[in-house]
Amino acid sequence: MTPGNSQGNPAAVIDAPEQLQTSARQPRAAIGASVVRADGVPKVTGRAKYAGEESPPGTLHGVLVTSSICSGTVTAIDAKEALRLTGVVQVLTHESVQKVAAPPVPPAAQSFNALQDTRVFYEGQPVAIVLAETLEAAEEGAAKVRVTYRSDQPAMFSSAPTVRPKDSAAKNGYAFAAIETHKGSIDGPWASADVRLDQTYFTPSRHHNPMEPSATLAEWRGDEIFLWDATQWAYGIRYALAVMFGIAPEKVHVRCPYTGGGFGAKGYVWPHQYLAVLAAKAAGRPVKISVARQGMYTGSGYQPAVINQVRLAAARSGQLSVVYHHSTNLSSMCDDYIEFATASARVSYATPVLVTETRIRRCNVGTPTAMRAPHEGPGSFAFESAIDELAIALNMDPLALRLKNYADQDPGDGRPFSSKKLREAYDEGARRFGWGKRAPQPRATREGDLLIGWGMAGAVMSTFRFASAARVAMSADGSVTIFASTQEIGTGTYTVMPQIASDVLGVPVEKIRLVLGDTALPETGGTFGSSTTLGLGSAVKDACEKLKARLFSIAPGATDLSKALAGTGVDQVSADGSWKPHGDAVFDAGGGTSGYSMHTWGAIFVEVAVDEALGLVRMRRAVAGYSAGKIVNPRTARSQMIGGIVWGYGQAVLEESAMDERYGRYLSKNLSGVMLPVNADIAGDIDVFFVDEFDPHASAIGARGIGELGATGVAAAIANGVWHATGKRLRSLPFRIADLLA
Ligand code: MOS
């Protein structure tokens, strides 16, 4: 790494080791240790079981027949040919399934229930279910169901009018933050500013593409529902199904120990989940719906396209006088999903005038959903690109401009930040990257056919917090078990929770195991919003402290708690713990009612190489530093951030779910037609560090969230690097080959 030139001592930072440690050298402790991932071996050897792998005797396979039109009415469904096939048992339509109540949004993703009437709002909407003894028969049957439609409604897409979304939480489950911020008036400061910037930036619709497509196995036993589901929120499905089917939540049992990635696609409840339950009821047998890869493009949400207008005004000194960000995202005909793309602008820099507005366009598409990183992910491309453009207009270094306008309190409402050590991340990141050696002008560095550019951006993510409970038990042999309903989604839960318990109990991590993934276990929030470690971890800590007190009451004066029960005749002692954010908000974002503004922060520096003959851009190296509270495990944390940075590179140069607006269809519904970064695209070094920090306000373990933070700021840093390499400003994602050609 190029040595930096900043003065003074480097910040106290935590480096994540890159070398694998053998388990023999695993550290015994506890919070802050780079313990090796516990679930790696079960996952790569197939011992970790996923929802789609389960088939109890008598299971029927369900395949959804989906609408080929995007707006209109189903006039007839002819299933005769499908029903003649060997193995096909039933074809269910809106005429043959039970009517269910309107779902609560959230946890349901859409207020509209498919397969309840003849209306069609988007291409890919389920209109029938074929049930068969084998998956193959069900698929063949689905291909033979003839559906007739009347397209009597004009379809609306990107030309739909821009409207203000329904903005009370009662009317719109997606309005979890204010849809507008108004601090001061733009007019005067805009007119009198030395430098003004007014630009529009575009981010496209993108899909989540988890490795494990969604799958639900549903079974009725009497009046109780049993599900094995691929989900990010077992209790969320319980609540949604309880309302829809009019039964007590306790009668809905959901199992999901592992989820093969979700990135938001499995956060809320989508049609295949309740349709499996409806089908199991109709058939009187267990029904499994394994969503095919194509189904993941219409049935489980996506990140909607966003148009961003950003206006910035500043004095010659670089002092900001106006921050204005207006975003418009696509949403569906039934739900006003809001992509809060203005979230970065809302908190990043000190400014006397701050105006943000979120708008939507109601289109004939399925309802969008959160996708890693929601809100700041698309929005930070626009906003942090605009800050770079302002720096250029001011003839200022982009990092110096950010430092000049550093926010020491929430710029919108003046609340203190719960904790923010972004200055340290800027300084250490710049030092490691060698930012001080950057030539200010573009096209200054060439290597053969390549133009080299350096770009940087701020990263920011709102902290999401959800109440969590856990039970911890110790057996006479000193082993400890943690019980919680959450599921392992790839973020390291099986690894970090034992570290938190070990810290309290003094028991080595090897003697601590987890039992996860069932609504029979203590309730946790969803594995979304980068919230699991802070929420569940705080509940585990609480349970361990209670367990410790109980152990001391049984064995007063014990020095080694793992031996405390030996000789007492007690086989097992357990304790229940819990944690919740301040207040009772179901969706605690950005500090909620805590009195603090709560966010994670970061700075990313990238070196890009642009080939103007071929129109290619590569990320040759990246340095990223983050202020995210206590880091429980630097290794798994680093893995999260690298994943986010690679995801951000994909956002910048590859990813897009393009739509043919004549039919309301995505052009590609298959990974073969979707461009994603592969290892060969990421040849460079990604250096990640964390500022040493403990946030006493965010959680009991001092942690905020990290997972999604890594996916913010990256696309802007790359765009800013491309400008530095070439002098071209790219304001629309993803970059096209034609954009980069000389
Ligand atoms: Mo993430 S979009 O909160 O799963």
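Only this structure's heavy atoms are used, side chains among them; waters, hydrogens and symmetry mates stay out. All ligand and atom numbering here is 1-based and tracks the order in the structure.
Between M371 and ligand 1, no N or O atom pair is found at a separation short of 3.5 Å. For ligand 1, the polar-atom distance check against P374 finds no nitrogen or oxygen pair separated by under 3.5 Å. The N/O atoms of Q232, backbone and side chain alike, include one that comes under 3.5 Å of an N/O atom in ligand 1.
Among Q303, E339, R359, the single residue meeting the side-chain contact (heavy atoms from CB on, under 4.5 Å) criterion with N329 is E339. Results of the side-chain hydrogen bond (donor to acceptor under 3.5 Å, both in side chains) test with N633 over Q499, R638, R37 single out Q499 as the only residue that passes.
Near R372, meaning under 4.0 Å from any of its heavy atoms, are these atoms of ligand 1: 2 (S).
Note on D335 versus R362: no salt bridge recorded, every NZ/NE/NH1/NH2 to OD/OE distance being 4.0 Å or above. Salt bridge annotation for E693-R704: present, with a cationic side-chain nitrogen under 4.0 angstrom from a carboxylate oxygen.
The backbone N or O of S468 sits nowhere less than 3.5 Å from a side-chain atom of T524 that would complete a donor-acceptor pair.
Contacts of F464 with ligand 1, taken as heavy-atom pairs under 4.0 Å, are absent altogether.
Using 4.0 Å as the threshold, G529 has a heavy atom nearer than that to some atom of ligand 1.
Ranking the protein heavy atoms by distance from atom 1 (Mo) of ligand 1 puts E708 OE2, 2.5 Å first.
Separation of atoms CZ (F383) and OH (Y201) is listed at 10.0 Å; rounding is to 0.5 Å.
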